[in-house]
Participant: 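A single structure is presented below for examination.
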There are 2 protein chains.
Amino acid sequence: MRRNPERRQALIDAAIEVLAKEGARGLTFRAVDAEAAVPPGTASNYFANRDDLFTQVGGRIYERLLPDEATIARSREGVQDETRYAELMHELVDRVSAFNSGYLALLELRLESTRRPELRAVLTKRIREDIDANVGHHAASGLPGDSTSVVLLYLALNWLIVERLTLPDIFTEQEVHELVDAAVRRSLNA
Amino acid sequence: MRRNPERRQALIDAAIEVLAKEGARGLTFRAVDAEAAVPPGTASNYFANRDDLFTQVGGRIYERLLPDEATIARSREGVQDETRYAELMHELVDRVSAFNSGYLALLELRLESTRRPELRAVLTKRIREDIDANVGHHAASGLPGDSTSVVLLYLALNWLIVERLTLPDIFTEQEVHELVDAAVRRSLNA
DNA sequence: AACGTAGTACTACATTTGGAGTGGTGTCAA
DNA sequence: TTGACACCACTCCAAATGTAGTACTACGTT
């Protein structure tokens with residue numbers, strides 16, 4: 001088992017792209033090698049088996065989807081009212097949609113996790129933490145709404161992103177925009 | 001190309017199970033043969049190629065997820081108020097969750113459709129029709145809320161089902177129940 | 001009632017594909 | 001000089017495809 005951490009990370013990031021492009025079943029050592037532009041056989045040296053590869057990707061993917069420090073800091077600026085909330089949610093949807101392959105890869109992982117208990121455990125942990133962090137962050141921010149608002153928004157926006165990424169012709173850009181606004185407005189109404 | 005319609009349907013239904021169990025990449029002629037308990041090579045005779053198989057499954061899956069006539073008729077009975085609406089949404093979530101493999105298969109198809117234009121066209125058409133039908137049905141029912149309510153509910157409940165099917169430990173049964181109630185209540189608040 | 005035919009089911013096989021894993025060699029740096 | 005890693009090549013294995021050939025069944029014809 002090789003230990004070079006940069007190379008390992010590069011392989012995992014390549015695996016994310018492969019997942020998005022080829023699907024879970026297409027995530028093979030050889031495909032990762034090709035995507036990362038390293039010689040065939042390399043991924044074999046870095047991951048014990050496919051299960052291991054999936055689990056490591058599951059551990060990493062979430063880091064890449066979350067906003068960075070600067071973005072989080074920026075989100076705390078300005079008046080924290082409903083309009084601001086909507087603005088933040090638009091940014092969120094755009095940011096996630098922009099890292100297209102990351103989100104698709106996460107969906108692939110979710111489906112794959114129905115067959116891989118270890119992966120499921122990793123994802124469950126990460127996602128629970130994320131939801132809790134969102135609720136906590138919201139509570140501390142002074143933004144309107146309660147914890148149920150946060151979760152309802154989480155639900156609606158997630159599917160909106162799925163819809164946009166998998167079947168982009170269902171909703172127009174305009175409709176997506178209006179739906180984000182409506183989701184914010186109505187979620188906040190306790 | 002064989003024509004026996006019952007056999008074809010049995011193969012497609014088997015394909016749905018395979019999709020849910022093995023994922024999109026695992027949907028092979030041989031796997032369908034095995035799942036349908038027919039001799040190997042049979043599926044080859046019924047579908048021109050994998051693309052054809054995907055497309056035909058995409059055409060059928062939605063029929064199996066939609067409520068039957070009796071259920072629709074029943075949904076129109078009684079007072080059509082917010083409480084009733086919530087009741088119907090609980091039934092919806094339970095019904096879809098119960099046909100577990102169907103919903104997972106649809107998710108697999110969505111992801112696969114990013115790679116198969118023909119499949120994407122079929123799914124887009126079906127899902128547009130479904131959303132429009134829901135909006136129309138809602139308008140005629142006398143239930144409270146506007147068309148945006150219907151779509152927001154569609155978004156939130158879809159992801160709630162995804163969450164429940166792929167990572168069942170994220171929300172408890174109790175939380176799922178409360179989220180459905182909250183989603184109905186808040187979506188209706190224009 | 002016997003026959004012929006068409007469509008389908010079943011079986012077997014030849015071929016292709018692609019991936020896993022490993023061992024050997026080269027290279028670089030401590 | 002030694003150890004860790006990159007690179008490359010080769011073998012083995014598993015699985016799927018598509019089709020050719022045979023058997024069965026139902027139905028229409030005479």
Side-chain angles (χ1 to χ4, degrees), chain A residues 1-58 60 101 105 108-109 111-112 114-116 118-119, chain B residues 1-58 60 105 108-109 111-116 118-119:
Chain A
M1 183 86 47
R2 304 296 154 81
R3 312 234 150 265
N4 182 336
E6 293 91 45
R7 207 172 171 88
R8 172 175 303 265
Q9 182 139 317
L11 288 170
I12 294 179
D13 287 344
I16 292 174
E17 296 303 317
V18 172
L19 267 178
K21 278 192 231 164
E22 311 292 338
R25 200 89 166 208
L27 183 66
T28 64
F29 289 159
R30 287 299 193 270
V32 171
D33 292 335
E35 177 71 31
V38 296
T42 303
S44 288
N45 290 326
Y46 276 83
F47 307 96
N49 46 50
R50 285 185 78 226
D51 216 73
D52 184 32
L53 176 57
F54 272 108
T55 309
Q56 294 203 31
V57 173
R60 166 116 177 103
S101 49
E108 293 280 0
L109 286 176
L111 287 172
E112 190 66 19
T114 62
R115 283 157 241 146
R116 297 181 189 273
E118 216 179 318
L119 177 60
Chain B
M1 184 86 49
R2 304 298 153 81
R3 312 232 151 268
N4 181 337
E6 293 93 43
R7 208 172 170 90
R8 161 166 266 117
Q9 182 139 317
L11 288 171
I12 294 178
D13 287 344
I16 292 174
E17 297 302 319
V18 172
L19 266 178
K21 277 191 233 165
E22 312 291 338
R25 199 85 166 215
L27 184 66
T28 65
F29 290 159
R30 286 302 191 267
V32 171
D33 292 334
E35 177 71 31
V38 296
T42 303
S44 289
N45 289 326
Y46 275 84
F47 307 95
N49 46 49
R50 283 185 80 224
D51 215 73
D52 183 31
L53 175 57
F54 273 106
T55 309
Q56 292 202 33
V57 172
R60 166 117 177 103
E108 293 281 359
L109 287 176
L111 287 173
E112 189 65 20
S113 78
T114 62
R115 284 156 241 148
R116 297 180 189 274
E118 216 180 319
L119 176 59

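Since this is a predicted model, take the numbers as computed values, not measurements. Numbered from 1 within each chain, the chains take letters A, B, ... in sequence-line order. Quick note: numbers below take in every heavy atom, side chains included, and nothing from hydrogens, waters or symmetry partners.
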Participant: Do D33(A) and R30(A) have side chains that get closer than 4.5 Å, going by heavy atoms?
Facilitator: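 In short, these two side chains touch, coming nearer than 4.5 Å.
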Participant: How would nucleotides 9-18 of chain C be written as a contact map, 5' to 3', with B for base contact, S for sugar-phosphate-only contact and - for no contact, using protein heavy atoms under 4.0 Å?
Facilitator: BSB-B-----
Participant: Can you tell me the distance, in whole Å, between the CG atom of D33(B) and the C1' atom of dT17(D)?
Facilitator: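 To the nearest whole Å, that distance equals 11 Å.
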Participant: Look at E108(A) together with R115(B) and state whether they make a salt bridge at an N to O cut-off of under 4.0 Å.
Facilitator: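 Salt bridge flag = yes for R115(B) with E108(A).
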Participant: Output the distance between atom CG (D52(B)) and atom CG (L119(B)), rounded to the nearest 0.5 Å.
Facilitator: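 Separation between the atoms: 11.5 Å.
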Participant: Measure the distance from CG on D52(A) to C1' on dG21(C) and round it to the nearest whole Å.
Facilitator: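 In whole Å, dG21(C) C1' and D52(A) CG are 15 Å from each other.
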Participant: Rounded off to whole Å, could you give me the CZ-to-C1' distance for the F29(A) and dG21(C) pair?
Facilitator: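 It works out to 10 Å between those atoms.
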Participant: Would you give me the side-chain donor-acceptor pairs under 3.5 Å for residues 14-25 of chain A, sequence neighbours excluded?
Facilitator:
from: E17(A); atom 1: OE1; to: S101(A); atom 2: OG; distance (Å): 3.2
from: E17(A); atom 1: OE2; to: S101(A); atom 2: OG; distance (Å): 3.0
from: K21(A); atom 1: NZ; to: E35(A); atom 2: OE1; distance (Å): 3.0
from: R25(A); atom 1: NH1; to: E22(B); atom 2: O; distance (Å): 3.0

Participant: Is any side-chain heavy atom of T55(A) closer than 4.5 Å to a side-chain heavy atom of D51(A)?
Facilitator: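 Yes, at least one pair of side-chain atoms sits under 4.5 Å.
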Participant: In this structure, how many angstroms lie between the P atom of dG7(C) and the CZ atom of R8(B), rounded?
Facilitator: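 Rounding to the nearest Å, CZ of R8(B) and P of dG7(C) are 15 Å apart.
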Participant: Send over the distance from R25(A) CZ to dG19(C) P, rounded to a whole Å.
Facilitator: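 After rounding, the gap between these two atoms is 13 Å.
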Participant: Let me know the distance between CG of L27(A) and C1' of dG19(C), rounded to the nearest Å.
Facilitator: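 Distance check: L27(A) CG to dG19(C) C1' gives 13 Å.
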Participant: Quick one: R50(A) CZ to dA20(C) C1', roughly how many Å, whole number?
Facilitator: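 Atom-to-atom, R50(A) to dA20(C), this comes out as 11 Å.
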Participant: Could you tell me whether R8(A) sits above the aromatic face of F47(A), with NZ or CZ closer than 6.0 angstrom to the six-membered ring centre and within 45 degrees of the axis?
Facilitator: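 Judged by the rule, R8(A) and F47(A) form a cation-pi pair.
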